[in-house]
Protein chains: 2
Amino acid sequence: MTASPPSDNGSAKDRPDHLLSPAERRIPAAVIKRLSLYARALQNLERDKVEKVSSTELARALGLNSAQVRKDLATFGQFGVPGFGYPVADLRKQVRQILGTDREIHVALVGVGHLGTALLSYAGFRRQGFRIVCAFDKEAKGGHVGEEQVPVYDVEELEARLAEHAITFAILTVSVDAAQSIANRLVAGGVTAILNFVPVRLQLPAQVTVHYVDLALEMESLSYYAR
Amino acid sequence: MTASPPSDNGSAKDRPDHLLSPAERRIPAAVIKRLSLYARALQNLERDKVEKVSSTELARALGLNSAQVRKDLATFGQFGVPGFGYPVADLRKQVRQILGTDREIHVALVGVGHLGTALLSYAGFRRQGFRIVCAFDKEAKGGHVGEEQVPVYDVEELEARLAEHAITFAILTVSVDAAQSIANRLVAGGVTAILNFVPVRLQLPAQVTVHYVDLALEMESLSYYAR
DNA sequence: TAGATTGTTAATCGATTAACAATC
DNA sequence: TAGATTGTTAATCGATTAACAATC
């Protein structure tokens with residue numbers, strides 16, 4: 001809400017790269033996806049005490065092209081050493097910094113049904129530094145759910161609790177009917193990234209990023225190959 | 001294992017289109033993904049008693065380009081009527097036929113942990129015609145799980161039960177350590193399509209199609225935009 | 001220095017979109 | 001017939017890959 005100097009206020013296309021927000025820089029989504037793939041591979045390499053890795057090795061492990069690996073990484077800086085490769089620990093730190101996964105990320109989950117409940121106990125999230133700090137349901141019993149004992153609030157409290165925990169990241173596992181209205185409230189409450197499991201196209205302002213995980217859709221397209 | 005006549009035995013590139021299996025025809029995966037999107041939209045239109053739809057309407061509803069809709073559909077035949085559009089019920093039938101979702105599809109699920117259990121009760125699968133008919137776990141209690149009361153067998157019984165139910169479609173929700181070995185057994189047991197929730201790159205023969213749903217990876221790439 | 005591997009440019013490939021004749 | 005919309009070709013766009021000079 002703070003007014004910025006008029007001279008800084010041009011459209012994203014006018015401003016130099018380093019003044020743009022991640023969403024504005026328009027790095028292809030595919031590059032960001034692969035970046036998290038690299039982060040995962042580097043995590044394993046670091047665990048295995050490997051100190052350097054070449055673009056060729058990384059590419060082979062992930063089923064990609066080595067030029068693509070180099071190009072992806074070069075988008076964000078010069079992380080490699082010619083003739084040597086990439087220092088694993090260093091590169092991992094950089095990649096996590098770019099992704100924003102170099103710190104614990106607090107997440108809200110809305111819709112504590114079968115799927116929501118499972119996600120509240122999903123170890124993979126914790127392993128990558130995500131922590132679901134509060135959950136919401138329209139029939140909240142007021143208790144705590146899952147192995148992490150996440151508090152479940154009534155959706156009534158959505159705005160208040162989001163503010164309290166300064167949350168910008170949410171997982172949506174409500175019903176089809178509720179999805180759009182809950183999504184609106186999440187965004188009004190400051191959420192800018194949503195992992196949406198509800199099979200509905202959400203209409204939201206452009207600065208909000210939604211990733212769709214449509215399980216039934218995955219099954220349908222897989223079905224084409226199951227013969 | 002049956003020998004086929006040498007003359008029928010050329011590489012996929014040599015044979016005419018109609019003699020190829022879905023996987024061999026090499027329709028871009030993106031087209032197949034959108035095809036299931038169309039199926040979903042057509043389902044809603046049919047429910048709402050809409051009788052015809054134009055490529056423009058379909059495109060707008062799904063956030064696509066109308067030329068893309070027409071091109072995608074034209075890949076599989078001439079389903080539209082110039083000057084009129086596409087007959088909803090008819091097109092839906094065709095699309096479902098192409099995807100293979102025009103009948104109930106029997107599915108096996110391996111790994112009855114938090115996520116697996118949730119999927120056993122996931123209504124979205126039933127709604128689209130998928131039925132999980134058996135589940136496997138390394139510590140099977142022998143009972144039935146979920147709202148659908150799916151029988152849970154010990155993984156020991158994997159091959160036997162797959163054969164019994166003639167299953168070609170599986171959902172994989174086991175641990176990272178078990179994933180590759182279970183996947184191998186699934187394939188040996190006749191499975192050709194796997195929806196894999198385990199964050200591991202599976203090494204499988206080319207005729208098997210694996211779709212990866214990597215929830216932590218989705219979170220990581222989303223994290224880039226949550227600022 | 002010789003060998004290896006990066007960062008980057010140019011070439012290729014494939015997918016999306018525009019345009020329009022054919023058709024109802 | 002006039003109007004609308006398909007199926008399809010050609011143009012555009014963007015992403016992937018090959019190639020190689022620069023660098024350690």
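Here is the naming used below: chain letters follow the sequence lines, and residue numbers restart at 1 for every chain.
- Y225(A) has its side chain out of reach of L99(B): every pair of non-hydrogen atoms, C-beta onward, lies at least 4.5 Å apart.
- Here CZ of R96(B) is found 12.5 Å from CG of L35(B). Values are rounded to the nearest 0.5 Å.
- Contact check on K33(B) versus E218(A) returns a salt bridge, with a Lys/Arg side-chain nitrogen under 4.0 Å from an Asp/Glu carboxylate oxygen.
- Residues from residues 34-61 of chain B placing a heavy atom under 4.0 Å of any atom in DNA chain C, listed by number, are R34(B).
- Counting only Watson-Crick and G-U wobble pairs whose two key distances fall under 3.5 Å, DNA chain C forms stems of three or more stacked pairs at C:3-24 with D:3-24.
- Donor-acceptor pairing under 3.5 Å is recorded for the side chains of S55(A) and R70(A).
- Summary of the strand contacts: Y86(B) and A29(A) both lie near DNA chain D, and taking for each the nucleotide with the nearest heavy atom, the more 5' one is attributed to Y86(B).
- For DNA chain C, the outermost nucleotides in 5' to 3' order that have an atom under 4.0 Å from a heavy atom of chain B are dA15(C) to dC24(C).
- Environment of CD in E51(A): sparse, with no more than 12 heavy atoms of neighbouring residues, nucleotides or ligands closer than 6.0 Å.
- Side-chain contact between Y122(B) and L215(A) is present, with heavy atoms from C-beta onward closer than 4.5 Å.
- Between L202(A) and Q180(A), the closest side-chain pair of non-hydrogen atoms falls below 4.5 Å.
- In this model, no donor atom of one side chain and acceptor atom of the other lie less than 3.5 Å apart for Q68(B) and D72(B).
- A cation-pi arrangement is present between K52(A) and F84(A), with the terminal nitrogen or guanidinium carbon under 6.0 Å from the aromatic centre and inside a 45° cone about the axis.
- The residue among R70(A) and A67(B) whose nearest nucleotide of DNA chain D is located toward the 5' end is A67(B).
- The minimum heavy-atom distance linking T173(B) with G111(B) is given by the pair OG1-O, 2.6 Å.
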